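Only this structure's heavy atoms are used, side chains among them; waters, hydrogens and symmetry mates stay out. Just so we're on the same page: letters track the sequence lines, and every chain starts at 1. In this text, all values refer to a predicted model and were calculated from it rather than measured experimentally.
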There are 2 protein chains.
Amino acid sequence: MRPKNLEKEQAIRTIALDIIANEGLENLSMQKLAKAANVSPRTIYIKYEDKEDLLIKLFITEVLGAYEAAILKGFDEKVDFETGIKKLWDNGFQYLKNNRTHFALILYGKSSPLLNKAYQRENIQQGQFFAPIHRFIQSNVEAGIISDLPFDAQRALMFSPLLDLVNEYFDHLNRPIQIITDEVVSACCDAVIKGMMK
Amino acid sequence: MRPKNLEKEQAIRTIALDIIANEGLENLSMQKLAKAANVSPRTIYIKYEDKEDLLIKLFITEVLGAYEAAILKGFDEKVDFETGIKKLWDNGFQYLKNNRTHFALILYGKSSPLLNKAYQRENIQQGQFFAPIHRFIQSNVEAGIISDLPFDAQRALMFSPLLDLVNEYFDHLNRPIQIITDEVVSACCDAVIKGMMK
DNA sequence: ATTATAAGTAAATGTTTATTTACTTATGGT
DNA sequence: ACCATAAGTAAATAAACATTTACTTATAAT
């Protein structure tokens, strides 16, 4: 039997992310995607059941999976709180600013009911995404180093400013001066750490 | 001449927000909206130039305008830092949790290129949105009470955890126990304040 | 070399889309 | 009482949409 052309599969995913980042999720159509990826519409349906299936797999596997791997790269749960958070922030900021199209879909994951439901399902059923971070927070709460709050609240305090800063980073990318520099990000990380510690 | 039916105008806006919140921006169509609002498609085009115009006016005027008014209600720039932030957080959380459909469009404002550009334009040209907050931050920086960072970074530190908490609030709304209570939000606000202060 | 089979294509399907055309209705000013 | 006019409607239009049909192609196993 004829083997799958993995380059085409990758082209479909990459170009789907491009279109979503540049024109918006609401402007991604299967025909536009097929044409841009130099592929017949039918080919997309060989690899994905339908549009919803494509979007969910793109979000969960391609984007969240890679994001999780990047953010946890070299992260050691046993390290002290400040060092750990700094590592996660540094990993996260570097990854997101180098993967604008991934970041765009992550943002849609917070807005789009379809993607949000998929994320929720994934998060509840598997409980795997960010499990090391969950344990890291837990042990620091138990050691009395940070305040005892629900994990969802800790996560909001820890990561949402980072995502917002990346958003500002891209907004400012094409202006005369870049406001969101590595130094600014680092200072914000310090503020987050200070806020969470007892 | 026949006068405008303001109820119909309001119905169009309210139901557009409903559809966006429940089905997603990508599933809002003019015909679906017209049918749901009990109005002819043409009627929408009397009030708005096209779909883009409708979305931008919905976002800027109906949603961001109301959000700004709500968050600044009773806010006094002269008050001390902690009191001021607590007021803004309380106003913001109450407003957003009572206006789920508005909140949904605010989230899309971060993802959708169309709305994001509109917000950026509005923010740069008028510089009015949140101007009192800008001054509040500025004077607290000058008084040496909080760290000196670019305003966009201060805003990220101050408000993005709040938006994330509202998101979690709605995610948990239909589960046995609500995790994001007023107490949790208040504790997060304390963390944000502590982090920003020198 | 042949063949079974999944991968791939171009073109068509019926539906939904944004927007318009041609017409009707309600009302403030005369 | 009427009329000018903008507000409103139902139905139509052409383009774009997700998905399928009918066919061709490449290759691993025989």
Side-chain angles (χ1 to χ4, degrees), chain A residues 1-62 105 108 112-115 117-118, chain B residues 1-62 105 108 112-115 117-118:
Chain A
M1 92 178 171
R2 184 176 175 177
K4 276 195 189 185
N5 186 335
L6 292 175
E7 278 171 43
K8 282 190 178 170
E9 192 150 358
Q10 193 52 56
I12 290 169
R13 291 174 182 243
T14 304
I15 287 171
L17 289 173
D18 274 1
I19 294 174
I20 292 168
N22 295 321
E23 301 175 42
L25 183 58
E26 57 277 23
N27 289 309
L28 175 73
S29 87
M30 298 300 259
Q31 282 171 144
K32 189 191 276 185
L33 172 57
K35 186 169 268 185
N38 234 312
V39 137
S40 161
R42 187 73 183 81
T43 303
I44 303 174
Y45 286 89
I46 292 169
K47 293 156 197 302
Y48 305 97
E49 231 177 82
D50 51 25
K51 194 182 179 182
E52 189 171 319
D53 184 48
L54 165 66
L55 288 175
I56 287 174
K57 285 190 176 138
L58 208 55
F59 180 53
I60 299 289
T61 309
E62 184 89 353
L105 191 57
Y108 269 111
S112 152
L114 171 68
L115 297 179
K117 255 169 234 154
Chain B
M1 96 182 168
R2 183 176 175 177
K4 275 195 187 185
N5 186 334
L6 292 175
E7 277 171 43
K8 281 187 179 171
E9 192 150 358
Q10 193 52 56
I12 291 169
R13 290 174 183 242
T14 303
I15 287 171
L17 289 173
D18 274 0
I19 294 174
I20 293 168
N22 295 321
E23 302 176 42
L25 183 57
E26 57 277 23
N27 289 309
L28 174 74
S29 86
M30 298 301 259
Q31 281 170 146
K32 189 191 277 185
L33 171 58
K35 186 168 270 186
N38 235 311
V39 136
S40 161
R42 187 72 182 83
T43 302
I44 304 174
Y45 287 89
I46 293 170
K47 293 155 196 303
Y48 305 96
E49 232 177 82
D50 51 24
K51 193 181 180 182
E52 190 172 318
D53 183 47
L54 165 67
L55 288 175
I56 288 174
K57 284 191 176 137
L58 209 56
F59 180 52
I60 299 290
T61 309
E62 184 88 354
L105 191 57
Y108 269 112
S112 152
L114 171 67
L115 297 180
K117 256 168 231 155

Report task. At the 4.0 Å heavy-atom cut-off to chain B, mark where contacts on DNA chain C begin and end, going 5' to 3'. Result -> C:dT17 to C:dG28
Query raised in the report: In Å and rounded to the nearest 0.5 Å, what is the CG to CD distance from B:L105 to B:E62?
Result: 9.5 Å
Query raised in the report: Counting only non-hydrogen atoms, which of residues 42-61 of chain A are less than 4.0 Å from DNA chain D?
Result: A:R42, A:Y45, A:D50, A:K51
Requested in this report: Compare every heavy atom of B:I20 with every heavy atom of B:L55, then report the nearest pair and how far apart it is.
Outcome: CD2-CD1, 4.1 Å
Filtered N/O pairs between nucleotides 26-30 of chain D and protein, under 3.5 Å:
unit_1, atom_1, unit_2, atom_2, d
D:dT27, O2, A:M1, N, 3.3

Report task. Please lay out, stage by stage, how B:N38 and B:I15 fare under the test side chain to side chain contact (heavy atoms under 4.5 Å, CB included). Result -> CA-CA 10 Å; B:N38 235 311; B:I15 287 171; over 6 Å; no
Report task. List in chain and number order the residues that pass salt bridge (Lys or Arg N to Asp or Glu O under 4.0 Å) with B:E9, two or more places apart in sequence or in another chain; answer none if no residue qualifies. Result -> B:K47
Query raised in the report: Which pair of heavy atoms, one from A:Y108 and one from B:P113, lies closest together, and at what distance?
Result: OH-CD, 3.5 Å
Query raised in the report: About how many Å separate CD of B:E23 and CG of A:L114, when rounded to the nearest 0.5 Å?
Result: 12.0 Å
Query raised in the report: Taking the nucleotide of DNA chain D with the closest heavy atom to each, which residue, B:K4 or B:P41, is nearer the 5' end?
Result: B:K4
Report summary line: Sorted by number, residues from residues 7-14 of chain B placing a heavy atom under 4.0 Å from DNA chain D are B:K8
Query raised in the report: What closest approach, in Å, do A:I60 and A:A118 show between heavy atoms, and which atom pair accounts for it?
Result: CD1-O, 3.9 Å
Report summary line: Distance col, row B:T43:OG1 vs B:N5:CG, nearest 0.5 angstrom, shows 9.5 Å
Report task. Of all the heavy-atom pairs spanning B:S29 and B:K51, show the shortest one and how long it is. Result -> CA-NZ, 4.5 Å
Requested in this report: Mind listing the closest non-hydrogen atom pair of B:Y48 and B:D53 along with its distance?
Outcome: CA-OD2, 3.4 Å
Report summary line: When rounded to the nearest 0.5 Å, the distance separating CD of A:E52 from NZ of A:K117 is 9.0 Å
Query raised in the report: Counting only non-hydrogen atoms, which of residues 28-36 of chain A are less than 4.0 Å from DNA chain D?
Result: A:L28, A:S29, A:M30, A:Q31
Report summary line: Correct closest heavy-atom pair for B:L33 and B:I12 would be CD1-O, 3.5 Å
Query raised in the report: At what distance, to the nearest 0.5 angstrom, does OG1 of B:T61 lie from CZ of B:R13?
Result: 6.0 Å
Query raised in the report: To the nearest 0.5 Å, what is the distance between CG (B:L54) and CG (B:L28)?
Result: 7.0 Å
